[in-house]
Amino acid sequence: MTTSAGQLTPSERILMGPGPSDVPARVLEAMSAPTVGHLDPEYLIIMNEVRDMLQQVLQTKNQMTMAMSGTGSAGMETCFVNLLEPGDEAIVCLNGVFGGRMKDVAERCGATVHTIETDWGNVIESQAVADAIKAHPNAKLLAIVHAETSTGAHQPLEEISKLVHDAGMLLLVDAVTSVGGLDVRVDDWQIDALYTGTQKCLSCPPGLAPVTFSDAAVQAMDKRKTKVQSWYLDLSMIRNYWGQERSYHHTAPINMTYGLREALRIVLDEGLENRIARHKRNHLALRAGLEAMGLNYIPEHSLTSLNAVHVPDGVDDANVRSRLLNEYGIEIGAGLGPFKGKAWRIGLMGSASSQRNVMLLLGALETILTDQGVSVDSGAALKAAGAVFAS
Ligand SMILES: *Cc1c(COP(=O)(O)O)cnc(C)c1O
């Protein structure tokens, strides 16, 4: 037998969409190191190193900090299935795709879900949280998205965390598009359960979902009356693999772990503060450039890792995106849900958050929009972005 599949030749892209982001060669090289067994003493050391570095990046001392097998959504399911059981109540904040996904997952756990809703692009106000807590005092947890990748909104968490804890509830946070790019302080902000993914601001390929649980979350898990619905994501077993016992649960994705280890080394080599500042600077420059071209941001509180802008009237959304990809190798994201065909989502995540990428995209976009008949002040975008870089 032969195969018609030829040699694998994916193009080199510039990944400026909602994820995955550009992966540094160092990470890809680390992933090609020899595969060892998941109980090899050398691998166990690597797991400890990954946990230590995750604790630093997540700014937490939580012992229950680990990388789950699977993408960010597996991290989401891990948090919900371990904390919720049938009969529980939960409050889920809904202002985009990922809040909606959390609601779906929480309901599949058999929980009664109450939502706090606001328009896409807005953040959840503390007052709405206070009202919901008052209306549903028996809720076990409140779940909220820190970086809503579908709208670009950057959710403040500190005040909400206080309200949630004063009511004796747990705070569950989706930080998939913030960890590694924005400030995420698990301990200072008293986050009880948090998940992220490798392929956004950590700039590692998709495949692992770092998760951390506070002592309070671990206690809530230990008090469950029923078994965790998911065998695969059951932390009561997986903790024994990441912990002292090292008992086999499922085969860890060894080479993905090598990749994450290298990606975390890169984050810590740069330094969290420097990395957060870099994401901010590149966002401000891109923003100045896009606005100089007449493009408007959707959220009032924008993430620095994701820029969601309205597609200008009369512009062919799909044509712009396919020209960016085919002529410049640049991937940006389309709008989802109510923003389908109406928004572009431009990621500046991890390694992809660079002055080079900002200037390249602005130049390419100016050319394409001009071709589509949009009246763009020639050179204004690059000048505005350049001024931010020069300041
Ligand atoms: C990407 C993303 C997810 C889902 O992650 P996958 O890796 O696609 O499973 C969840 N939440 C947010 C906010 C995301 O941006």
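Start at 1 and go down the list; that is how both ligands and their atoms are numbered. From a predicted model like this one, the values you see are computed outputs, not experimental measurements.
Between Thr177 and ligand 1, an N or O atom pair is found at a separation short of 3.5 Å. Checked against a 3.5 angstrom limit, the closest N/O atoms of Ala147 and ligand 1 fall outside it.
Close approach to Thr149 involves these atoms of ligand 1, each under 4.0 Å from a residue heavy atom: 12 (C), 13 (C), 14 (C), 15 (O). Ligand 1 places these atoms under 4.0 Å from at least one heavy atom of Asp174: 10 (C), 11 (N), 12 (C), 13 (C). Annotation for ligand 1: atoms under 4.0 Å from non-hydrogen atoms of Thr71 are 6 (P), 7 (O), 9 (O). Close contacts of ligand 1 with Gly72, meaning ligand atoms under 4.0 Å from a residue heavy atom, involve 5 (O), 6 (P), 7 (O), 9 (O).
Using cut-offs of 30° and 60° for the angle between ring planes, the Tyr248 and His38 rings count as tilted. In this structure, His136 and His114 have parallel ring planes: the angle between them is below the 30° cut-off, well short of the 60° mark.
The protein atom (non-hydrogen) at minimum distance from atom 8 (O) of ligand 1 is Gln199 NE2, 3.9 Å. Nearest non-hydrogen protein atom to atom 4 (C) of ligand 1 is Ser73 OG, 3.5 Å. Atom 10 (C) of ligand 1 has Phe98 CD2, 3.3 Å as its closest protein atom, hydrogens excluded (heavy atom only).
Distances shorter than 4.0 angstrom occur between a heavy atom of Arg101 and an atom of ligand 1. Contact analysis puts Lys200 in contact with ligand 1, with a non-hydrogen atom separation below 4.0 angstrom.
A heavy-atom distance below 4.5 Å is found between the side chains of Arg239 and Val218. Counting heavy atoms from C-beta on, the side chains of Asp234 and Asn82 come closer than 4.5 Å.
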field: side chain to side chain contact (heavy atoms under 4.5 Å, CB included) between Leu142 and Cys93, intermediate numbers included
entry: CA-CA 8 Å; Leu142 180 136; Cys93 299; 4.0 Å; yes
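The environment of Lys140 atom NZ is dense: over 12 non-hydrogen atoms of other residues, nucleotides or ligands sit within 6.0 angstrom.
Listed here is the closest heavy atom pair of Met76 and Asp174: CE-OD2, 4.0 Å.
Salt bridge Asp166/Lys162: present, at least one basic N to carboxylate O contact under 4.0 Å.
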